[in-house]
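Data first, discussion second: the structure below is written as structure tokens.
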Amino acid sequence: MASHRASRLLEPFARRLRLSNRAPPRWGPVQRRAAAGFSSPAHSAEPMFRADAPHLEGMNDEQIAAIVAPVAPMKVLAGPGSGKTRVLVGRVTHLINELGVPPSHILCITFTNKAAREMRERLVASVGEENARQITAGTFHSVASRMLRKHVHLLDGYGRGNDFVIYDEADTKSIIRKIMVDVFMEDKKKADPALAKSRISAAKSAVDACVGMDGRRMARALCDTRPSLKRDPYIRDQFPRLYDEYEANLRSSNALDFDDLLSAAVALLRTSEEARLFYRQRWRHVLVDEFQDTSLSQYELIRALAAETARVFVVGDVDQAIYSWRGAEVANIRTKFDSDFAGAGTVLLTKNYRSTATIVKAAQAVIGESRDRSPLELDAVRPGGKDVAVVATEDEIEEADFAAREAARAARSGVPLKDIAVLYRTHSQSRPLEEAFIRAGVPHVVVGDTAFYTRKEIKDLVAYLRVLFNSRDTVSLQRIINTPPRKIGPGTLEKLEAWAAGLPWVDGMPQPLGMALLDRTWSTPDQDDLLPPAADMGLAAGAYKAVSGFVSVMRELGEAVEVSDPGALTEEVVRRIGFEEYVADMENGDERVGYVKELVSIASDPSAVESLDGVDGGGAAGGGDNGATKRKSTGHAGLGEFLEGISLLMSAETRSEDEGADAVKLMTLHAAKGLEFDTVLITGCEDELIPFKRGDASSDAAEHDEEVRLFYVGLTRAKRKLFLCRAFKRQRFGRTVYADPSPFLEVIRESLVGGKPPQARRAGMGINPAEDDANTDESPRRAALGSDSLAEHLRRTTGAKAATGGSPAFRKYAAGESGGYAKANAWKRRMNSAREGGGGGVLGGRRGTREAMGEDDPEAAARRAARRASKGSSRDATRATKPRATGVAGAAGGPRAAPRRSRGKIE
DNA sequence: TCTAGAGTTATTTTT
DNA sequence: TAACTCTAGA
Ligand SMILES: Nc1ncnc2c1ncn2[C@@H]1O[C@H](COP(=O)(O)OP(=O)(O)OP(=O)(O)O)[C@@H](O)[C@H]1O
């Protein structure tokens, strides 16, 4: 039985394989143009390639060495902009065009969906549409999910069916909250599922495959990686139980969380001969981008897929490792790869083709602040000019206005909007930016914005679809059973649960309520009553009627599933449950109705799930029926694909028209990894924001280094022009917080202009103070707050030592010693703690701030004094002096409002 | 069961 | 500040 299935699944591959066995013509003689940085793998096979092959054109020797290296484990280590991704694409092209590898045998793994999409574009350009379509390119999670969708039933005792759902953060937290309240009797109010979830997640990524491990085992694993937790009584006493309850819940709901996707895929490959055989045949060549950010389970997935076949090619840069907080291990690329993949070769690339020399120099200076960096050199190929500007503004609103204006200016001078990015450390910074872009009428896209799918009306609607797809999904059922209100309150729900608990168990578990209600598991096949008699369910007549109503709607919708594509089905759901009327009645009803329509249109649009098809590569992971051109998939499978898409692809802007849209991209520094833009503006270059410092936690050296790397990643996204923006003050928690410049700014300044005073800078070294920008602004204030006053501010607040040699000061600061930036920090601490204390302290604190600021900018001090005198709230005062004639009100309904992410299709 | 008003909470970073 | 949750009262 099993082997029959296997051979059926493998059949298409066998066919392709036969086809591809014809050797490609015209292989040239072996040429070894490349030597530098190329350590030959143990294999003695010589690289074979045509020196004139188009995909090698313009490549340097090291790049070619990597691309044409013999098929054997290979890793490419190189700094930003050195062409790692380009080499990876070149390698794929080489495999297909020169070695005759069928594209469907190639698996390309990236870290984010954006990167996957970009990779796909590059592949299309290099190997053509048809070939690219057959390559599997996706994130670890999407690839793992696809594997499980096909084969999870082969995981013995795992209790999941192929119609599993993926629980997102909100879903898992709601489960945990429930456990905390029901099992641990915690106060509903106090319970903090976030911490517990992060512990569970950390434990799961600390282990190569959590499948089958119980809570105690997981607790031990967690303590092994985080020794500080060993003495934590919570981990010892509660965590194991919590974990087991959590797992039981997911299992009963036929659900997996994000970490489970990876673990289960690893377990699948380890335990199932059939699956192992299948995927090793399927993906004979595995290539991984950004390998430095792989976690243990991701690494194990690669190993399980490719360790024996040894056809693995990874690229990465330890200096760009920015995900250790979620379990990424640099050791994977540093050492483990070499020891696990025998005879692994290494190629180093050291030329930066992306950025101008000035930008590279600034970036190198910053990464130099990391203690644990790669010894790799990075030489800029492009000459440098005045490409780096430091800009200081009064607050985040001005900063945002500046960014919008600068983007518009760049666009006017010919830079495509989509080649401009505004980066920030935290999502919360995106809001004023977005408002400014709307005000300025500059088209923009907020990338990685999950807001759409976390909206209540969208979650509700998706929950309907999920229950229709998988009736065991208890979290979703609880969401929808009384939404819109249909008189099934908590009391009724409790009775229903009691009823379901009394039904015969299925698969060794009590029946989830959804299954009991919707799958008629209580009935014998020939009965066709909607539900058992009311008395059997312990319900009063009214409640019984309400429940019957719900069940009958769901039954009918369930029948619609098989004949509808996701769009039509969603529309049908909306119609049957009167969702639009329900939503319209809530506040902001019109807007919400718009979002509902948006979801329908996303569901209807086959290209909305484009990257999912891509993951499938038109190949076997999706079943035997494909290879056909893209079409709407109907039925259960189509619904599953759609649901998977919205769980896995975090952002709504996966639709092609948004992706390709000519719009400025707003995103976090993390999200920008691997991308490049002509012009980059990094906002919030302030101490404690970059590098980020959380109020409570004391940051250790490793965390600081990661902040350094993150900023480094941000800097190196810029090809031609880089703006570093900071604001003197910023609203946080509704309070005004004053901030010093990021210490990294001083590092950059010093590297580009040396320890010279600000005046010398203007004479025209690397930094362009952007004074013009300031002066052409309608607000004359910015001139006063340009980078000159910034430098002045830096010099004074960090002391003379820093002024003549910022770096020693920085080192002290980083080491936590006093004398460096500690002075400035003490100043700020005083400010903030003064504000914390009651009334009088507030005033005193503010005054102190102004004085301190006033020292370096008399004009600003005068302005503040005027504001103080005006006695308004600080916000009003700010507004009064702001060039906001076109303010929020004007922009809100403005016809030229920029295309925001989630509304694109509403018209 | 629903609502309005009070009260509290929030901000790293992502799949 | 603003967005969300909870509670009391209808
Ligand atoms: N040999 C080359 N000649 C010209 N341009 C090149 C060459 N190699 C790479 N580039 C260009 O340099 C830029 C950076 O390449 P790529 O994105 O592949 O770098 P990367 O190493 O992946 O960067 P990162 O680590 O920042 O993701 C791209 O625009 C690419 O086209």
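Every chain is numbered from 1 and lettered A, B, ... according to where its sequence line falls, protein lines coming before strand lines.
Here B:dT12 is the nucleotide among C:dA2, B:dT12, B:dT15 with the atom lying nearest to any side-chain atom of A:Glu707. Candidate nucleotides B:dT15, B:dT11, B:dT13 were compared by shortest atom distance to the side chain of A:Thr668, and B:dT13 ranks first. For A:His670, whose side chain is taken as the heavy atoms from C-beta onward, the closest listed nucleotide among B:dT13, B:dT15, B:dT11 is B:dT13. Distances were taken from every side-chain heavy atom of A:Thr426 (C-beta onward) to each of B:dT15, B:dT12, B:dT1; the shortest belongs to B:dT12. Closest contact between the side chain of A:Thr112 and the listed nucleotides B:dT15, B:dT1, B:dT11 involves B:dT15.
Remark: of the listed residues A:Arg160, A:Lys204, A:Lys173, A:Lys204 is the sole one forming a salt bridge (charged side-chain N to carboxylate O under 4.0 Å, His left out) with A:Asp257.
Between B:dT12 and C:dT5, the two C1' atoms lie 24 Å apart (nearest whole Å). Taking atom C1' on both nucleotides, B:dT13 is separated from C:dA2 by 23 Å, rounded to a whole Å.
Relative to the six-membered ring of A:Tyr323, A:Arg326 meets both conditions, a distance below 6.0 Å and an angle of at most 45° to the axis. Figure legend: cation-pi geometry between A:Arg455 and A:Tyr453 absent, as NZ or CZ is not positioned both under 6.0 Å from the six-membered ring centre and within 45° of its axis.
Put simply, the side chain of A:Arg425 and the base of B:dT13 share a donor and an acceptor less than 3.5 Å apart.
B:dT13 atom C1' lies 11 Å from atom CG of A:Asp293, rounded to whole Å. Here the C1' atom of nucleotide B:dT14 and the NZ atom of A:Lys173 are 12 Å apart, to the nearest Å. If you take CZ of A:Arg592 and C1' of C:dA3, they are 11 Å apart, rounded to a whole angstrom. Rounded to a whole Å, the CZ atom of A:Arg730 is 21 Å from the P atom of B:dA10. B:dT13 atom P lies 9 Å from atom OH of A:Tyr424, rounded to whole Å. Here B:dT12 presents its P atom at 19 Å from CG of A:Leu423, a figure rounded to the nearest Å. The CD1 atom of A:Ile646 sits 18 Å away from the C1' atom of B:dT14 (whole-angstrom rounding). A:Gln731 has its CD atom 21 Å from the P atom of B:dT9, to the nearest Å.
Residue A:His427 places at least one side-chain N or O under 4.0 Å from the OP1 or OP2 atom of B:dT14. Listed pair A:Arg431 / C:dA3 meets the phosphate criterion, a side-chain N or O lying under 4.0 Å from OP1 or OP2. OP1 and OP2 of B:dT15 both lie 4.0 Å or more from every side-chain N or O belonging to A:Ser142.
Residue-level contact check: A:Arg486 touches neither bases nor backbone, having no heavy atom under 4.0 Å from any strand. The residue A:Glu706 sits apart from the nucleic acid: no heavy atom pair falls under 4.0 Å. A:Phe140 comes within 4.0 angstrom of nothing in the nucleic acid, heavy atoms only.
A heavy-atom distance below 4.0 Å to DNA chain B is reached by these residues of residues 314-327 of chain A, ordered by number: A:Tyr323, A:Trp325, A:Arg326.
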| request: Mind running salt bridge (Lys or Arg N to Asp or Glu O under 4.0 Å) on A:Glu435 and A:Arg431 for me, showing each step along the way? | output: CA-CA 6 Å; A:Glu435 285 168 2; A:Arg431 192 133 143 210; 3.6 Å; yes

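The shortest non-hydrogen separation linking A:Leu148 to A:Ala265 is CD2-N, 3.9 Å.
In this structure, A:Phe140 and A:Phe111 have perpendicular ring planes: the angle between them is above 60°, well past the 30° mark.
Note on A:Lys673 versus A:Asp293: salt bridge recorded, some NZ/NE/NH1/NH2 to OD/OE distance being below 4.0 Å.
Remark: the A:Glu300 side chain and the A:Gln298 side chain contain no N/O donor-acceptor pair separated by less than 3.5 Å.
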